[in-house]
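Just follow the structure's listing: the first ligand is 1, and inside any ligand the first atom is 1. Only heavy atoms go into these numbers, but all of them, side chains included; no hydrogens, no water, no symmetry mates. Computed from a prediction, not measured in an experiment: that's the story for all the values here.
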Amino acid sequence: MTNALYDQFFGKHAGKETPFLILEDGSVVTHAEFLKIASQLAHVLSAIGLEPGDRVAAQVQKSPMALALYGACVQAGIVFLPLNTAYTVDELSYFIEDSGAKAIVCDGRSEHLLAPVAEKLAAEIETLNADGTGTLTDRAKLMPTEFVPVERTENDLAALLYTSGTTGRSKGAMLTQGNLLSNARSLAEQWKFSADDVLMHALPIFHTHGLFVATNVTLEAGAAMIFLSKFDQDAVIGFLPKATTMMGVPTFYSRLLQDERFTRNLTSHMRLFISGSAPLLAETHVQFEQRTGHRILERYGMTETSMNTSNPYDGERRAGTVGFPLPGVELKVTDPATGVTLSQGTVGQLEVRGPNVFKGYWQMPEKTAEELREDGFFITGDLGKIDEDGYVHIVGRNKDLIISGGYNIYPKEIELVLDAQPGVRESAVIGVPHADFGETVVGVLVADTKTVPDLDAILQTAGASLARFKHPRKLVMVDSLPRNTMGKVQKNILREQYKNAFGPA
Ligand code: MCA
Ligand code: AMP
């Protein structure tokens, strides 16, 4: 039987009584205990009739059980589909239906909301609450603690992660066992993770960063994680003396820098701080070094590709860059219009190829063909260049995307909601600089001639269908939107106009 992902991340830890998860209440889940829980959950997935290749959609709070569900899917050959806990029922329904999930795992409080979706798909629904209780746990407790892993090849799907589309519907990125394995192995080696490491884990576990980068690297190394339910500054500072490494989005580091308890002394024992998911301001990098003596290691990735580049562990970690392509990952800068490779130092679109690159978008062959070339290069939509020393710089995006506190927000999705509101003729949604979140959302509205829009009512209605982190933090009215000769809204002009909406940029 082969199931390389199971063998590498889970099976090899059988019987290992060293800590894997260190929880906020001080309790510990060992590697061996974690594997047993995951095995029990794998039995539940089989018992409810799931077959290898079926999808399990999970919208659950971060907990050891929630993480073990990922492990269970790996063992049972099930495709894991984690969902942001902030998603509304409208948002969830699309992901669940599009994936054709055979089972839904949700918090007990949302069971009644998701029951109609489950019914429509004839999917099983199980509950898992933040404290680890729920029907899933009740069933798991009755199951054996060993599970014979299902055979899987490296080309088989391990996970489906949805990324929003710039123009249309969200797309499910199909990640294979091989994608996850190769990336975690490479990162653990690059960043020198060992069984002695203790990672500060304050990220959510429904995205690549917290789930695959942080967790898989820890599993690969047989290390431990301080598993906080969310980024809580007091908890991070309180537990930091027990950690050796930390991974975070730039907001984590800018928030820590504002806290006077975050000192050189507090961090002197730390081995490594890693940042990603959004640009780390060179200013934050510099301030961090001045305060702590540590140079943050910045890396660059995407849901579709996991990690592509990383600053070096031993060499110079250059502020404002994302370092070098990881071993086995090819990265080139091309002309967005022709696809021709540009010379070193010239800005163009970044394309990547390697074992990390996903298999395509779930049931969207046309979208896949648009972004994933036949020769295996994936068009990232990021704009960048490679400098004379080989460091990759990301200078912008060739896609209409806002990244707020590490979460991706696609303006089109919000514009569709705003356009449908009474009194609104049209809208443009832009990202503007924000000290805490890096960027935040501003909605620019043009009123209908007949009715004057009620901005408060618009925000309230938008809130019913869009996750809170996507909500415009400001709505402004204008007479008309700036357009180019082709009629396209010139968002660069709007971004310039509102760049100081939340304080000087
Ligand atoms: C929470 N809120 C947000 C965000 N998070 N609004 C905008 N952007 C956000 N990121 C809302 C809350 O609902 C709340 O709304 C209000 O903002 C303030 O909440 P606050 O308590 O300050 O926020 P928080 O709970 O502390 O969360 C901020 C956070 C969190 C810690 C930065 O967003 C976070 O953990 N982000 C990490 C995201 C991540 O892991 N991304 C990786 C994607 P109200 O109070 O009004 O109700 S994977 C990826 O990008 C690729 C692959 C990669 O390279 O890694
Ligand atoms: P996601 O769709 O959530 O996987 O987000 C991926 C996007 O996040 C990339 O295409 C980049 O635009 C952005 N990103 C990730 N890491 C970095 C970084 N270190 N610097 C700048 N942008 C980043």
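For atom 7 (C) of ligand 2, the nearest protein heavy atom (residue, atom name, distance) is Gly301 O, 4.0 Å. Closest to atom 17 (C) of ligand 2 among all protein heavy atoms lies Ala278 N, 3.7 Å. The shortest contact between atom 21 (C) of ligand 2 and any protein heavy atom is with Pro279 N, 3.4 Å.
Applying the side chain to side chain donor-acceptor pair (under 3.5 Å) rule to His209 yields the partners Ser277, Arg299; only residues at least two apart in sequence or on another chain are considered.
At least one heavy atom of Arg299 sits under 4.0 Å from some atom of ligand 2. Heavy atoms of Thr208 come nearer than 4.0 angstrom to ligand 2 in no pair at all.
Atoms of ligand 2 found under 4.0 Å from any heavy atom of Met302 (numbered from 1 in listed order, with element): 4 (O), 6 (C), 9 (C), 10 (O).
Contacts of Ser277 with ligand 2, taken as heavy-atom pairs under 4.0 Å, involve the backbone alone. Only the side chain of Ile403 comes within 4.0 Å of ligand 2, counting heavy atoms alone; its backbone N, CA, C and O stay farther away.
Side-chain atoms of Thr368 come within 3.5 Å of backbone N or O of Tyr361 as a donor-acceptor pair. Judged by distance alone, with hydrogens and angles left aside, the side-chain atoms of Thr292 form a donor-acceptor pair with the main-chain N or O of His294 at under 3.5 Å.
Residues Leu455 and Val476 form no side-chain contact, since every pair of their non-hydrogen atoms from C-beta on lies 4.5 Å or further apart. Contact of the Phe227 side chain with the Phe20 side chain is not registered, since no non-hydrogen atoms from C-beta on lie closer than 4.5 Å. You'll find the side chain of Glu154 reaches within 4.5 Å of the side chain of Leu181, heavy atoms only. Side-chain contact between Ser170 and Phe95 is present, with heavy atoms from C-beta onward closer than 4.5 Å.
Taking the six-membered ring for Trp, Phe212 and Tyr70 have ring centres closer than 6.0 Å. The aromatic ring centroids of Phe469 and Phe437 lie 6.0 Å or more from each other. Side-chain rings of Tyr162 and Phe206 stay apart, their centers remaining 6.0 Å or farther from each other.
Looking at ligand 2, you won't find any N or O of Thr163 less than 3.5 Å from one of its N or O atoms. Close N/O approach between Lys399 and ligand 2 is found [any backbone or side-chain N/O within under 3.5 Å]. Here's the thing with Tyr410: none of its N/O atoms is less than 3.5 angstrom from an N/O atom of ligand 2. Any N or O atom pair closer than 3.5 Å counts here, and Glu304 shares no such pair with ligand 2. At least one N or O atom of Glu298 sits closer than 3.5 Å to an N or O atom of ligand 2. By the 3.5 Å distance cut-off applied to N or O atoms, Ser275 is not counted among the residues near ligand 2.
If you look at ligand 1, the protein residues with a non-hydrogen atom under 4.0 Å away are Leu203, Pro204, His207, Thr208, His209, Lys230, Phe231, Val249, Thr251, Phe252, Arg255, Ser277, Arg299, Gly301, Met302, Thr303, Met307, Ser404, Gly405, Gly406, Tyr407, Phe437, Arg468, Phe469, Arg473.
When all heavy atoms of Val357 and Asn179 are compared, the closest pair comes out as O-ND2, 3.0 Å.
Looking at Lys171 and Glu370, no side-chain N of the basic residue comes within less than 4.0 Å of a carboxylate O on the acidic one, giving no salt bridge.
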